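Everything below concerns the one structure shown next.
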Amino acid sequence: MKNMEKIVCLVDGEHYLPVTKSAIEILNSLEHVDVVATVFIGGTEKLRTDNPESYAKMMGMPVHFGPDENEIPYDLIVEMIKEYNADVVMDLSDEPVLDYTKRFKIASKVIREGALYRGPDFEFQPLTEYKIPTKPSLKILGTGKRIGKTAVSAFAARLIDENGYEPCVVAMGRGGPEEPEIVRGDELKITPEFLMEQSNKGVHAASDHWEDALMSRILTIGCRRCGGGMSGDVFMTNMKKGAEIANEVESKFIIFEGSGAAIPPVKTDKHIALIGANQPILNITNFFGPFRISLADLVILTMCEEPMSTPSKMKAIEEFISEINPNAKIISTVFRPKPHGDINGKNVLFATTAPDEVKDVLVSHLEENYGCKVVGTTPHLSNRPLLQKDIEKYIDHVDVMLTELKAAAVDVATKDSLEAGLEVVYCDNIPIAIDDTYPDLDESILEIVDGAIEDFNKK
Ligand SMILES: Nc1ncnc2c1ncn2[C@@H]1O[C@H](COP(=O)(O)OP(=O)(O)OP(=O)(O)O)[C@@H](O)[C@H]1O
Ligand SMILES: O=C(O)[C@@H](COP(=O)(O)O)OP(=O)(O)O
């Protein structure tokens with residue numbers, strides 16, 4: 001049996017009113033449907049009256065008009081969802097009133113309200129958000145892969161831990177474990193040999209929860225997910241179970257970490273959204289980029305340097321974020337590598353997933369700050385054959401393999417290096433604000449944590 005659906009229909013003046021009316025009658029004739037109102041969203045070609053009262057009379061139901069008939073009344077659609085407690089917004093409009101961009105904008109707003117946005121050949125659903133946490137929590141979500149969610153999550157976890165909040169992390173990934181896995185980053189000594197043992201068991205020992213546990217030294221729960229929808233839902237994940245475990249472990253705060261552009265399907269008190277300034281601007285300003293931005297209490301813009309981005313692109317993104325979500329703080333950042341081990345005076349092969357174009361910046365940073373000599377680099381951590389070629393090229397000339405804990409870092413980089421008698425040191429990526437005109441990153445993250453605790457205690 002289907003659940004009863006309260007539907008608000010979007011109608012326009014490009015359709016002859018009796019045609020729209022008969023479509024609504026067909027919809028209403030379904031037993032599980034109750035069309036509660038219509039919102040007029042524009043178009044004049046076949047419109048015989050724009051008087052709300054006579055239009056409503058002809059239609060035989062409430063019709064709502066926005067303030068300007070030439071603009072899509074996005075805010076009114078949101079108001080009507082709230083007023084009628086609608087489950088569905090049914091789009092009975094079309095070109096030229098709506099185009100793809102406008103429809104994605106409507107979709108973002110509708111699903112943000114927890115309603116479905118449906119049209120003749122599409123349906124966008126609100127995010128799945130299981131109400132599981134019995135502790136204050138936040139989630140870290142992003143607009144794509146490798147834009148820094150794990151780096152920021154590990155940074156935030158460390159900071160939150162150092163400030164006495166006793167956090168744990170629940171991370172999901174496409175290489176995560178079959179059953180949620182607790183990694184006691186606070187107790188375990190996560191050495192290259194230990195990770196090799198994990199990898200030899202056939203698990204993805206560079207999965208995000210290992211990276212989080214190693215970099216932040218706190219308890220981490222690793223989960224898996226498969227598939228990622230357009231607005232961030234996943235096809236399958238065991239993160240729900242991971243969240244239940246997080247309720248039980250010794251911690252007082254939970255950080256849920258997204259994977260790629262997929263969003264943890266768990267209701268949390270606050271959200272930190274990561275956006276890569278290197279991403280195509282269209283993916284940020286269009287489709288479900290604005291939806292993700294609208295969820296944020298804090299936005300961290302990453303990769304804010306050339307050649308990944310340009311000052312004008314960064315400015316345009318910042319302005320767009322402020323427009324979509326004026327309440328969210330924005331901090332524009334870059335990443336810099338930080339070895340988790342002493343590499344002073346050593347000859348190093350640096351393996352990373354960062355693009356080759358930033359190689360010189362990263363190498364100078366390592367040499368200037370950690371006293372090493374970077375003899376070779378490889379940007380091919382995600383491509384096993386190319387990585388192996390690069391390792392072969394440098395292996396006889398270096399003392400240390402310095403690698404991010406990602407992709408083939410364990411099963412190739414660590415394995416080959418240990419076999420060749422090299423020391424293996426793992427490398428973190430630290431977010432740094434691009435200048436001091438931005439709010440302080442540490443303070444802003446702690447503010448979000450305090451806000452999450454406050455919201456949780458109000459429930
Ligand atoms: N200065 C830099 N410029 C560009 N990229 C950088 C720089 N420093 C580090 N990186 C890259 O940024 C990426 C950050 O990856 P991270 O795993 O934190 O992202 P993610 O969003 O968590 O990805 P995933 O979806 O896999 O979980 C890495 O690929 C890293 O090599
Ligand atoms: O499987 C995971 O934990 C992550 C990271 O794996 P790496 O590619 O960094 O090893 O992948 P995701 O599916 O989140 O993109």
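The first residue in the sequence is number 1, and the count goes up from there. In listed order, ligands and their atoms are each counted from 1. Since the model is a prediction, treat every value here as computed from it, not as a measurement.
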Atom 28 (C) of ligand 1 - nearest protein heavy atom and its distance
Thr353 OG1, 3.2 Å
Give the contacting part of Thr150 toward ligand 1: side chain, backbone, both or neither, where contact means a heavy-atom distance below 4.0 Å.
both
Return the closest protein heavy atom for atom 5 (N) of ligand 1 as residue, atom name and distance.
Met303 SD, 3.2 Å
Does this structure show an ion pair linking Lys139 with Glu129, if we count only N-O contacts that are shorter than 4.0 Å?
yes
Counting heavy atoms only, which part of Thr352 comes closer than 4.0 Å to ligand 1: side chain, backbone, both or neither?
side chain
Ion pair check, Lys240 and Glu244, cut-off under 4.0 Å
no
Salt-bridge contact Glu305-Arg336 (side-chain N to carboxylate O under 4.0 Å)
yes
Atom 21 (O) of ligand 1 has as its nearest protein heavy atom Lys149 NZ, 2.7 Å
Using a distance-only test with no angle check, is there a side-chain donor-acceptor pair under 3.5 angstrom linking Thr414 and Tyr426?
yes
Ligand 2 to Gly175 polar contact by distance, N or O atoms, under 3.5 Å:
yes
Minimum distance, heavy atoms only, to atom 8 (O) of ligand 2: which one of Lys406, Arg146, Arg174, His204 is it?
Arg146
Ligand 1 versus Leu362, non-hydrogen atoms closer than 4.0 Å: side chain, backbone, both, neither?
side chain
Any nitrogen or oxygen of Leu405 lying under 3.5 Å from a nitrogen or oxygen in ligand 2? Just yes or no.
no
Any nitrogen or oxygen of Ser259, side chain or backbone, less than 3.5 Å from one on ligand 2?
yes
What's the shortest distance from atom 30 (C) of ligand 1 to any protein heavy atom, and which residue and atom give it?
Glu404 OE2, 3.0 Å
